[in-house]
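The chains referred to below are lettered A, B, ... by the order of the sequence lines, with proteins before strands, and numbering in each begins at 1.
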Number of protein chains: 2
Amino acid sequence: MEFGHIRRSEHLPARIAAQIARDITEGRMRPGEKLPTEHFLAKALGVSRSVVREAIAQLRNEGLVETRQGVGAFVTEPHARPIRIEQDDLADHQSFRDLFQLRVPLEIEAAGLAALHHTADDLQRIDETLAGMSGAEKWTAEGIVADLAFHRAVAAATGNEYFSVFIGFIAERISLAINAARAAAVLEEIVEVTIEEHVALRDAIASRDPKRAREAMKTHLLGAAKRLDLTLEAY
Amino acid sequence: MEFGHIRRSEHLPARIAAQIARDITEGRMRPGEKLPTEHFLAKALGVSRSVVREAIAQLRNEGLVETRQGVGAFVTEPHARPIRIEQDDLADHQSFRDLFQLRVPLEIEAAGLAALHHTADDLQRIDETLAGMSGAEKWTAEGIVADLAFHRAVAAATGNEYFSVFIGFIAERISLAINAARAAAVLEEIVEVTIEEHVALRDAIASRDPKRAREAMKTHLLGAAKRLDLTLEAY
DNA sequence: CATATAAGGTTATCAGACAACCTTACAATG
DNA sequence: CATTGTAAGGTTGTCTGATAACCTTATATG
């Protein structure tokens with residue numbers, strides 16, 4: 001096992017943890033295998049034991065290793081790691097587009113499921129977000145927040161918690177990125193059109209027509225993509 | 001702010017982290033608020049600074065706090081926190097079905113995008129997973145792993161990293177859940193059928209026919225759902 | 001053979017110190 | 001006055017060394 005020295009930069013423990021994590025995920029360390037002792041790692045990496053401990057603690061939090069007092073640290077069985085996406089990943093245009101592209105099929109399906117499964121409460125919450133969107137003339141950031149609330153409400157109406165979690169997460173990231181990048185004037189135009197499309201979608205859901213709801217969501221999202229100058233495949 | 005002493009049991013840092021996490025998620029500490037200094041917390045909780053540091057490091061890994069050297073630790077804004085889903089959430093049948101339902105539109109879209117965007121390398125990796133699946137007669141767990149690898153390879157062929165991340169995550173959870181719940185005999189039958197469907201999907205991708213690829217994936221997933229006794233909406 | 005006991009190794013925790021970095025206040029400079 | 005430099009104090013980051021708790025293994029003991 002090789003343990004090259006760590007470059008002096010920022011976040012030593014995170015760097016070390018990432019290195020060991022790579023060793024594990026890329027197969028250089030197999031499940032059940034014992035990590036070197038903290039003492040050894042500290043010597044080998046040229047850092048103190050505190051840093052090594054913090055790195056191992058991070059790996060333990062991520063579920064990649066297990067530590068047993070008096071015995072050592074061991075690579076765990078291929079146990080699913082939590083998914084994790086950082087805001088910074090959306091900095092460039094490519095990532096933004098990719099995430100938007102991921103959003104489309106999820107939201108279309110959610111619209112269809114919402115049409116089938118929504119309750120009276122769900123519909124009321126959707127209507128509330130619509131009212132919040134057209135209520136004031138505070139476009140810009142307010143409009144983005146209201147748009148996000150609408151999409152959340154539709155996702156919640158599916159009755160499937162995972163749609164809520166994933167769509168909420170993705171839509172929120174996209175909203176934040178838009179809000180950070182776009183000028184107020186552009187936002188105003190976007191929001192104007194958005195409201196009409198939201199109402200159309202809401203009506204399709206209310207009439208329990210999954211096909212129409214899906215089409216409405218598709219129209220809405222592809223329209224939004226166009227207004228954001230994103231080119232997405234459509235077929 | 002109250003900081004009652006921590007009971008002497010196991011995993012002091014985890015206990016402390018959990019306590020602070022509760023303070024944050026239950027609103028007793030608001031986003032942007034500064035945590036007490038490590039020194040103060042150590043004194044107040046009756047533990048050493050190392051323990052406090054490890055607890056705060058865990059919170060940082062979970063995205064609940066941010067630390068700035070020389071300044072302090074601060075509660076993060078909720079939207080800056082990464083999405084995180086634990087394995088335990090899939091214990092009951094309802095959750096399993098819901099996650100499977102979420103998977104369907106994602107994978108269908110991925111199949112279409114893979115047909116459009118795959119490179120020669122992508123296709124080769126897909127073929128490798130097919131070979132791995134039919135290569136041995138070790139069905140059961142091996143078959144599940146190979147199935148997962150196939151779906152990962154297709155997602156990777158989209159060229160969209162987020163499809164890889166999300167589909168990899170979801171499919172892995174489902175695979176683990178299936179592996180834990182099903183008997184070997186049942187798995188064998190499932191895998192038999194799966195291979196044919198995989199090949200069909202592979203051919204559709206290879207001929208760059210997104211429509212056929214989407215249909216193949218849809219057939220495959222809805223068939224899989226049926227074999228798992230899941231009832232999903234289809235329209 | 002079965003059971004205690006001792007020894008050594010490893011992680012968990014503690015304690016104290018110094019380094020790196022940030023903020024603030026205030027003086028110096030133009 | 002506005003800007004820049006500088007010093008002070010506070011906080012996190014890292015280092016060092018030691019002790020406690022725990023496990024494994026080997027050895028002794030009946």
Given atom [atom1] of [X] and atom [atom2] of [N], what is their separation to the nearest angstrom?
{"X": "H39(B)", "N": "dG9(D)", "atom1": "NE2", "atom2": "C1'", "answer": "15 Å"}
{"X": "R15(A)", "N": "dG13(D)", "atom1": "CZ", "atom2": "C1'", "answer": "15 Å"}
{"X": "E38(A)", "N": "dC15(D)", "atom1": "CD", "atom2": "C1'", "answer": "15 Å"}
{"X": "R53(B)", "N": "dA19(C)", "atom1": "CZ", "atom2": "P", "answer": "17 Å"}
{"X": "L35(A)", "N": "dT11(C)", "atom1": "CG", "atom2": "C1'", "answer": "13 Å"}
{"X": "F40(A)", "N": "dG9(C)", "atom1": "CZ", "atom2": "P", "answer": "16 Å"}
{"X": "I56(B)", "N": "dT14(D)", "atom1": "CD1", "atom2": "P", "answer": "14 Å"}
{"X": "L45(B)", "N": "dC14(C)", "atom1": "CG", "atom2": "P", "answer": "11 Å"}

Worksheet item: Nearest to the side chain of T37(B), which nucleotide is it out of dT11(C), dT11(D), dC14(C)?
Response: dT11(D)
Worksheet item: Which nucleotide sits closest to the side chain of Q69(A): dT14(D), dT11(C), dT12(D)?
Response: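 Given the options dT14(D), dT11(C), dT12(D), the side chain of Q69(A) is closest to dT11(C).
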Using a cut-off of strictly less than 4.0 Å, decide whether [X] has a side-chain nitrogen or oxygen near OP1 or OP2 of [N].
{"X": "R49(B)", "N": "dG16(C)", "result": "no"}
{"X": "T67(A)", "N": "dA12(C)", "result": "yes"}
{"X": "R60(B)", "N": "dG13(D)", "result": "yes"}

Worksheet entry | Heavy atoms of other groups near K34(B) NZ, more than 12 under 6.0 Å |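 It does: K34(B) NZ has more than 12 such atoms within range.
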Donor on one side chain, acceptor on other, [X] and [Y], under 3.5 Å:
{"X": "D122(B)", "Y": "T119(B)", "result": "yes"}
{"X": "E54(A)", "Y": "Q58(A)", "result": "no"}
{"X": "H198(A)", "Y": "D147(A)", "result": "yes"}

Worksheet, complete the sentence: Sorted by position of nearest nucleotide on DNA chain D, 5' first, the leading residue of V71(A) and E54(A) is E54(A)
Item to complete: For S50(A), report the nucleic acid contact type (base, sugar-phosphate, nothing); a contact means any heavy atom under 4.0 Å.
Response: base
Fill in: N/O donor-acceptor pair, side chain R68(B) with base dG13(D), under 3.5 angstrom
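Checked by distance alone, the answer is no.
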Item to complete: Would you mind reporting whether L228(A) and F100(A) have side-chain heavy atoms less than 4.5 Å apart?
Response: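 Side chain of F100(A) against side chain of L228(A), heavy atoms only: contact under 4.5 Å found.
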